Amino acid sequence: MIAECDFYMNLYDDFINTRDDENDKILWKMHKILDLMKVTREKDPSGFMENGLRMIMVLNKNFRINSCDLSSLDLNETPPDKKEELKVILKREFI
């Protein structure tokens with residue numbers, strides 16, 4: 001597995017090479033998401049995949065990290081009443 005630091009260095013270098021061209025940025029984002037998926041595994045206890053996705057989205061300017069993102073909880077550890085609230089929100093959003 002690639003070192004997290006190496007992944008971020010490559011991420012930034014390739015982002016700079018887009019030279020603020022929107023088409024290049026779209027291609028960069030897609031390639032970096034695919035690269036991240038290739039180097040991480042299904043179970044990622046270190047949070048490398050999640051942090052990598054956040055960094056890609058932040059650099060792409062389509063995502064803002066807020067305090068909820070920084071202190072998220074595993075859905076399996078969420079109390080049943082909160083899970084029901086989440087289901088209602090998701091249904092409203094996607095149906």
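For the numbers below, each heavy atom of this structure counts, side chains included, while hydrogens, waters and symmetry mates do not. Computed from a predicted structure; not experimentally measured.
Asp35 CG to Phe7 CZ: the interatomic distance, rounded to the nearest 0.5 Å, is 6.5 Å.
The side chain to side chain contact (heavy atoms under 4.5 Å, CB included) test applied to Asp24 returns Thr18, Asp21, not counting sequence neighbours. Here Tyr8 pairs with Glu4, Leu11, Tyr12, Phe48, Asn51, Met55 under the side chain to side chain contact (heavy atoms under 4.5 Å, CB included) rule; sequence neighbours left out. When the side chain to side chain donor-acceptor pair (under 3.5 Å) test is applied to Lys25, the partners found at least two apart in sequence or on another chain are Asp20. Judged as a side chain to side chain contact (heavy atoms under 4.5 Å, CB included), and not counting sequence neighbours, the contacts of Ile33 are Lys29, Met37, Leu53, Ile56. Scored by the salt bridge (Lys or Arg N to Asp or Glu O under 4.0 Å) test, Lys87 finds Glu84 as partners (sequence neighbours excluded).
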Quick one, Asn10 with Asp6, criterion side chain to side chain contact (heavy atoms under 4.5 Å, CB included). Give me CA distance, side-chain angles, the key distance, then yes/no. CA-CA 6 Å; Asn10 183 275; Asp6 292 337; over 6 Å; no
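For the pair Trp28 and Leu59, the minimum side-chain heavy-atom distance is below 4.5 Å. Looking at Lys82 and Glu85, their side chains come closer than 4.5 Å, going by heavy atoms from C-beta outward. Put simply, the side chain of Leu27 does not reach to within 4.5 Å of the side chain of Asn23, judged on heavy atoms.
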